[in-house]
Amino acid sequence: MTQDQLVAPPGESTDQAEGTPPSPRLPRQSNALRRGRGWSGILLATPMTVYVVAFFVVPLAFLVVYSVSKFDLLTFEVQSGFTLQNYSELFSSTYVGAVVRSLGMTALMTAVCVLLGFPVALTISRATGKLKALLLVAVIVPYWISFVVRTYAWLELLSPSGVVSKLAALLGIVPAGTQLGYSPLAIGIGMVAGYLPLMILPMFMALDRIDPGLEEAAADMGLSRRRTFWKITVKLAMPGSIAGVLLVGIPATGEYTIPAILGGSKTLMIGNVEAEQFLSTGNYPFGAAIATTLMVVMLAVLFASRKRLDRLGDIT
């Protein structure tokens with residue numbers, strides 16, 4: 001080894017083997033270049049940040065401020081001040097029935113969507129070729145039609161002369177000429193029909209990613225078909241099921257259109273109460289209190305579900 005090799009420049013390693021090419025030295029980025037990239041990132045994020053703040057953060061802030069404001073029942077004017085009366089009124093005897101009815105209807109409807117959606121999603125995931133594409137299109141096609149139009153169509157189907165009412169009478173479920181519309185049953189049917197695709201699609205995505213070899217391995221290990229279905233199919237599809245429950249349950253809790261059309265004025269739900277405060281009564285503080293309460297509850301459900309999904313991700 002020569003003297004030039006023994007005396008290495010400062011900052012360079014002297015343990016390099018003789019005859020090997022020197023390792024490439026990465027160019028150092030200047031402070032100006034790093035600052036330029038930092039400003040580029042800020043400029044790229046600015047339009048979306050302004051959009052989110054202007055159309056989401058600011059309206060939500062106004063909503064919270066309105067929810068603790070006072071409302072004069074004589075002049076129908078919103079007055080400045082701080083009060084929690086709007087929140088206490090929400091859980092009074094007048095509106096607690098609407099709250100309980102909305103939560104109960106949402107829970108029941110979501111459970112029905114799970115029971116109906118899982119077999120459909122499993123069937124689509126195990127189909128192949130053009131049949132799978134055709135089944136997926138059949139699930140998505142209803143969303144090509146207006147949500148309001150589909151809801152009014154159910155009102156006609158549930159009328160005394162509608163197909164559903166005649167079929168129920170033919171099976172002996174209800175007497176002939178029964179009006180199934182304008183009832184809690186009609187609301188439940190409309191909500192299941194309207195939100196069922198939102199349950200099927202995330203379930204299908206989870207089921208479609210399951211490796212068929214896992215079921216074969218479970219069978220080779222001696223597991224029965226029932227235990228294999230529970231341990232492999234159901235457990236690995238759990239993230240999609242939770243996502244479907246969130247996609248269905250959150251908007252259904254404050255649903256307004258379906259109860260207004262299929263329930264008429266006979267079934268009062270929390271979405272109808274909220275809309276009435278904003279559109280008819282003009283009691284913005286109370287309507288804002290309802291919306292804020294629903295928002296807080298839904299955020300709590302989202303955070304709890306996110307932790308559950310994270311644990312499932314670690315397991316799978």
Side-chain angles (χ1 to χ4, degrees), residues 95 97-124 127 131 133-204 241 244-276 278-280:
Y95 300 105
V99 175
V100 174
R101 188 180 300 109
S102 298
L103 295 178
M105 183 75 72
T106 300
L108 178 61
M109 183 270 301
T110 304
V112 172
C113 285
V114 172
L115 295 177
L116 295 179
F118 191 86
V120 176
L122 183 62
T123 301
I124 298 175
L131 179 59
L134 182 62
L135 293 175
L136 280 175
V137 171
V139 173
I140 299 173
V141 158
Y143 275 87
W144 296 356
I145 306 173
S146 171
F147 188 79
V148 176
V149 173
R150 285 186 285 132
T151 305
Y152 271 109
W154 274 107
L155 187 61
E156 179 63 26
L157 293 173
L158 296 172
S159 65
S161 59
V163 176
V164 176
S165 298
K166 289 184 177 180
L167 181 61
L170 183 62
L171 296 176
I173 300 176
V174 295
T178 301
Q179 171 65 271
L180 296 179
Y182 305 113
S183 64
L185 177 61
I187 295 175
I189 294 175
M191 294 177 73
V192 170
Y195 288 105
L196 186 57
L198 296 180
M199 182 69 72
I200 294 175
L201 292 177
M203 281 184 171
F204 161 74
S241 301
V245 168
L246 293 177
L247 288 174
V248 171
I250 289 178
T253 304
E255 177 62 44
Y256 165 74
T257 304
I258 295 177
I261 296 175
L262 297 181
S265 58
K266 298 180 180 180
T267 306
L268 187 64
M269 299 185 68
I270 195 64
N272 304 93
V273 175
E274 182 181 354
E276 182 183 357
F278 282 109
L279 301 177
S280 301

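All values derive from a computational prediction rather than experimental measurement.
When all heavy atoms of T253 and G249 are compared, the pair lying nearest together is OG1-O, 2.7 Å. Of all non-hydrogen atoms in L180 and S183, the two that sit nearest each other are O-OG, 2.7 Å. Closest heavy-atom contact between M109 and A252: CE-CB, 3.2 Å. For the residue pair G181 and A186, the shortest heavy atom distance occurs at CA-CB, 3.8 Å. Contact between S102 and I270 at its shortest, heavy atoms only, is OG-N, 2.7 Å. Nearest heavy-atom pair, M269 versus I187, reported as atom, atom and distance to 0.1 Å: SD-CG2, 4.0 Å.
Side-chain contact between V273 and V99 is absent, with no heavy-atom pair separated by less than 4.5 Å. Considering only heavy atoms from C-beta on, N272 comes within 4.5 Å of Y256 through its side chain.
Here the CG-CD1 distance, from L262 to I189, works out to 8.5 Å after rounding to the nearest 0.5 Å. Summarising the geometry, atom OH belonging to Y182 is positioned 9.5 Å from atom CD1 belonging to I261; distances are rounded to the nearest 0.5 Å. Here the CH2 atom belonging to W154 is positioned 11.0 Å from the CD1 atom belonging to I258, to the nearest 0.5 angstrom. Annotation: the span from L201 atom CG to L136 atom CG amounts to 7.0 Å, rounded to 0.5 Å. Note that CD1 of I200 and OG1 of T123 are 10.0 Å apart. Values are rounded to the nearest 0.5 Å. Distance CG/L246 to OG1/T110: 9.5 Å, rounded to 0.5 Å.
Considering only residues two or more places apart in sequence or on other chains, Y143 meets the ring pair (Phe, Tyr, Trp, His ring centres under 6.0 Å) condition with none of them. Partners of E255 under the side chain to side chain donor-acceptor pair (under 3.5 Å) rule, at least two apart in sequence or in another chain, are Y195.
The side-chain contact (heavy atoms from CB on, under 4.5 Å) test with M203 singles out one residue from L198, V120, L122, V114, and that residue is V114.
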Counting only pairs under 3.5 Å, give me each side-chain donor-acceptor contact of residues 155-171, with atom names and distances, residues two or more places apart or in other chains.
{"from": "S159", "atom 1": "OG", "to": "E156", "atom 2": "O", "distance (Å)": "2.6"}
{"from": "S159", "atom 1": "OG", "to": "G162", "atom 2": "N", "distance (Å)": "3.3"}
{"from": "S165", "atom 1": "OG", "to": "L158", "atom 2": "O", "distance (Å)": "3.0"}
{"from": "S165", "atom 1": "OG", "to": "S159", "atom 2": "O", "distance (Å)": "2.7"}

